[in-house]
Amino acid sequence: MNNTQLGGTHKAQHKIPATSETVKAASRPVVSYSGTQQNELLGALPRQDLESLFDHLELVPLPFGKELFEYGSKLEYVYFPTTAIVSLLYVMEDGATTEIAVVGHEGAVGVSLFMGERATCSAVVQSAGYGYRLKTQFLRDAFNRGGALPQLLMRYTNALFAQMAQNAVGGRHSSIEQKLCRWLLDRLDRSASNELKVTQELISIMLGVRRESITAAAGKLQDEGLIQYRRGNITVLDRAGLEEYAGECYKVAKSEYDRLLMDVAR
């Protein structure tokens with residue numbers, strides 16, 4: 001055996017074996033300040049407070065259909081979507097599903113501030129993308145330390161509650177066309193373009209109405225020049241027209257989020 005081979009053997013003997021934790025840490029995408037700004041809640045934190053979360057934040061892919069948690073499950077992570085859109089769903093015993101809220105880059109999913117708290121709904125990714133996740137235990141610890149984070153989360157929770165309340169009111173008093181307009185606008189606010197990839201079947205499930213009703217409503221909106229619908233794809237042509245059609249329910253919930261971000265900016 002030559003000296004080169006001996007040297008190589010010697011180095012190999014002193015190499016520190018990689019553990020599963022070190023491999024996981026090395027493969028984890030780097031969390032950057034500019035990257036976290038894609039989520040408006042994280043972006044609203046003072047830089048020092050935000051950077052204190054970096055060692056615990058993890059950038060993760062959120063594929064379409066992924067269930068982040070189900071009703072009654074333990075909330076292990078809170079998710080801060082950047083490009084993904086997540087539906088909060090209430091599932092009946094017979095399997096019927098109704099969407100109670102939607103969360104995108106403006107918010108967070110699964111905020112749990114009490115030990116042992118269980119999910120009161122299910123959360124499913126409706127539009128694929130990315131987001132940051134944080135263990136709920138660390139979120140509780142950070143919340144208890146005070147600073148800007150507790151106030152921001154409480155304000156966001158209030159805005160989310162306003163969205164749920166308006167969904168409940170709209171579910172009883174809005175027409176199918178108004179519900180569809182509101183549903184489309186909620187996603188448009190959280191998307192990068194005016195095109196939405198979605199099927200009528202999915203919309204009918206989220207709104208808890210018959211598919212034929214969605215087909216008729218979409219056809220009416222298309223005839224009025226508000227949207228263009230092709231199989232699996234909806235393009236919004238007249239946003240102002242959609243907002244006018246959606247009525248009060250959309251405007252009230254939207255104003256709560258706008259007010260939250262405006263107050264934070266001040």
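- Grouping Ile, Leu, Val, Met, Phe, Trp and Tyr by side-chain contacts under 4.5 Å, direct or through others, leaves Tyr71 on its own.
- Contact between Gly107 and Asn39 at its shortest, heavy atoms only, is O-ND2, 2.9 Å.
- Side-chain N or O atoms of Thr136 include one that pairs as donor or acceptor with a backbone N or O of Leu75 at under 3.5 Å.
- No side-chain heavy atom of Leu68 sits under 4.5 Å from any side-chain heavy atom of Tyr77.
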With a 3.5 Å cut-off and sequence neighbours excluded, list the donor-acceptor pairs that the side chains of residues 206-218 form with protein atoms.
from, atom 1, to, atom 2, distance (Å)
Thr215, OG1, Gln200, OE1, 2.4
Thr215, OG1, Arg211, O, 3.1

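- Residues Leu202 and Gln126 meet the side-chain proximity criterion, which asks for heavy atoms closer than 4.5 Å.
- Between atom OG of residue Ser52 and atom CZ of residue Phe138 there is a gap of 6.0 Å, rounded to the nearest 0.5 Å.
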What do the steps show when you test Ser32 against Gln37 for side-chain contact (heavy atoms from CB on, under 4.5 Å), and what is the final call?
CA-CA 9 Å; Ser32 67; Gln37 300 304 292; over 6 Å; no
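- One hydrophobic cluster, built from ILVMFWY side chains closer than 4.5 Å, holds both Phe54 and Leu42.
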Please assess Thr83 against His105 for the test side-chain contact (heavy atoms from CB on, under 4.5 Å), listing each intermediate value before the final yes or no.
CA-CA 6 Å; Thr83 55; His105 55 71; over 6 Å; no
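- Here Glu177 pairs with nothing under the salt bridge (charged side-chain N to carboxylate O under 4.0 Å, His left out) rule; sequence neighbours left out.
- Linking Ile, Leu, Val, Met, Phe, Trp and Tyr residues whenever their side-chain heavy atoms come within less than 4.5 Å leaves Ile205 and Met92 in two separate clusters.
- In this structure the side chain of Val102 never reaches within 4.5 angstrom of the side chain of Leu88, judged on heavy atoms.
- The side chain to side chain donor-acceptor pair (under 3.5 Å) contacts involving residues 189-198 comprise Glu106-Arg190, Asp189-Arg239, Asp189-Tyr250, where partners must be two or more places apart or lie in separate chains.
- Checking side-chain atoms of Gln222 against main-chain N and O of Tyr229 turns up a donor-acceptor pair under 3.5 Å.
- Grouping the Ile, Leu, Val, Met, Phe, Trp and Tyr side chains by contacts below 4.5 angstrom, directly or via other members, places Trp183 apart from Met164.
- Expressed to the nearest 0.5 Å, how far NZ of Lys135 lies from CD of Glu76 amounts to 8.0 Å.
- You'll find the side chain of Val31 reaches within 4.5 Å of the side chain of Thr36, heavy atoms only.
- Residues meeting the side-chain contact (heavy atoms from CB on, under 4.5 Å) test with Thr157, sequence neighbours left out: none.
- Both Leu149 and Tyr33 belong to a single network of hydrophobic side chains, linked directly or stepwise wherever heavy atoms of I, L, V, M, F, W or Y lie under 4.5 Å apart.
- Taking CD of Gln38 as the start and OG1 of Thr82 as the end, the distance is 5.0 Å to the nearest 0.5 Å.
- Rounding to the nearest 0.5 Å gives a distance of 11.0 Å between CD of Gln151 and CG of Leu45.
- Contact annotation: the side chain of Gln163 approaches that of Leu160 to within less than 4.5 Å [non-hydrogen atoms, C-beta and beyond].
- Evaluation of the ring pair (Phe, Tyr, Trp, His ring centres under 6.0 Å) rule for Phe64 yields no partner, not counting sequence neighbours.
- For the pair Arg133 and Phe69, the cation-pi test (distance below 6.0 Å, angle within 45°) is failed.
- Placement of Leu196 and Val103 in two distinct hydrophobic clusters is found when ILVMFWY residues are connected by side-chain heavy-atom separations under 4.5 Å, directly or transitively.
- Rounding to the nearest 0.5 Å places NE2 of His56 at 15.5 Å from OH of Tyr132.
- By the side-chain hydrogen bond (donor to acceptor under 3.5 Å, both in side chains) test, Asp238 pairs with no residue at all, sequence neighbours left out.
- Judged as a side-chain hydrogen bond (donor to acceptor under 3.5 Å, both in side chains), and not counting sequence neighbours, the contacts of Glu51 are Arg47.
- Side-chain contact between Asn233 and Val198: absent, with no pair of heavy atoms (C-beta onward) separated by less than 4.5 Å.
- Taken to the nearest 0.5 Å, the CD atom of Glu99 stands 10.5 Å off from the CD1 atom of Ile203.
- At a threshold of 4.5 Å between non-hydrogen side-chain atoms, the residues Leu184 and Leu180 count as touching.
- Closest of all the heavy-atom pairs between Gly225 and Leu237 is O-CB, 3.6 Å.
- Under the 4.5 Å side-chain criterion, counting only non-hydrogen atoms from C-beta, Leu62 is not in contact with Tyr130.
- Contacts of Asp186 classified as side-chain hydrogen bond (donor to acceptor under 3.5 Å, both in side chains), with partners at least two apart in sequence or in another chain: Arg182.
- Checking side-chain atoms of Gln178 against main-chain N and O of Ser175 turns up a donor-acceptor pair under 3.5 Å.
- In this structure Val78 satisfies the side-chain contact (heavy atoms from CB on, under 4.5 Å) test together with Phe80, Ala108, Val111, Leu134, Leu139, sequence neighbours excluded.
- With sequence neighbours left out, the side-chain contact (heavy atoms from CB on, under 4.5 Å) criterion links Ser127 to Ile85.
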What's the verdict on salt bridge (Lys or Arg N to Asp or Glu O under 4.0 Å) for Arg231 and Glu201, showing C-alpha distance, side-chain angles and the deciding distance?
CA-CA 11 Å; Arg231 190 172 186 84; Glu201 182 178 4; over 6 Å; no
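- Counting only N and O atoms by type, the side chains of Ser122 and Glu70 include no donor and acceptor under 3.5 Å apart.
- A search for side-chain contact (heavy atoms from CB on, under 4.5 Å) contacts involving Pro46 returns Asp49, Ala148, not counting sequence neighbours.
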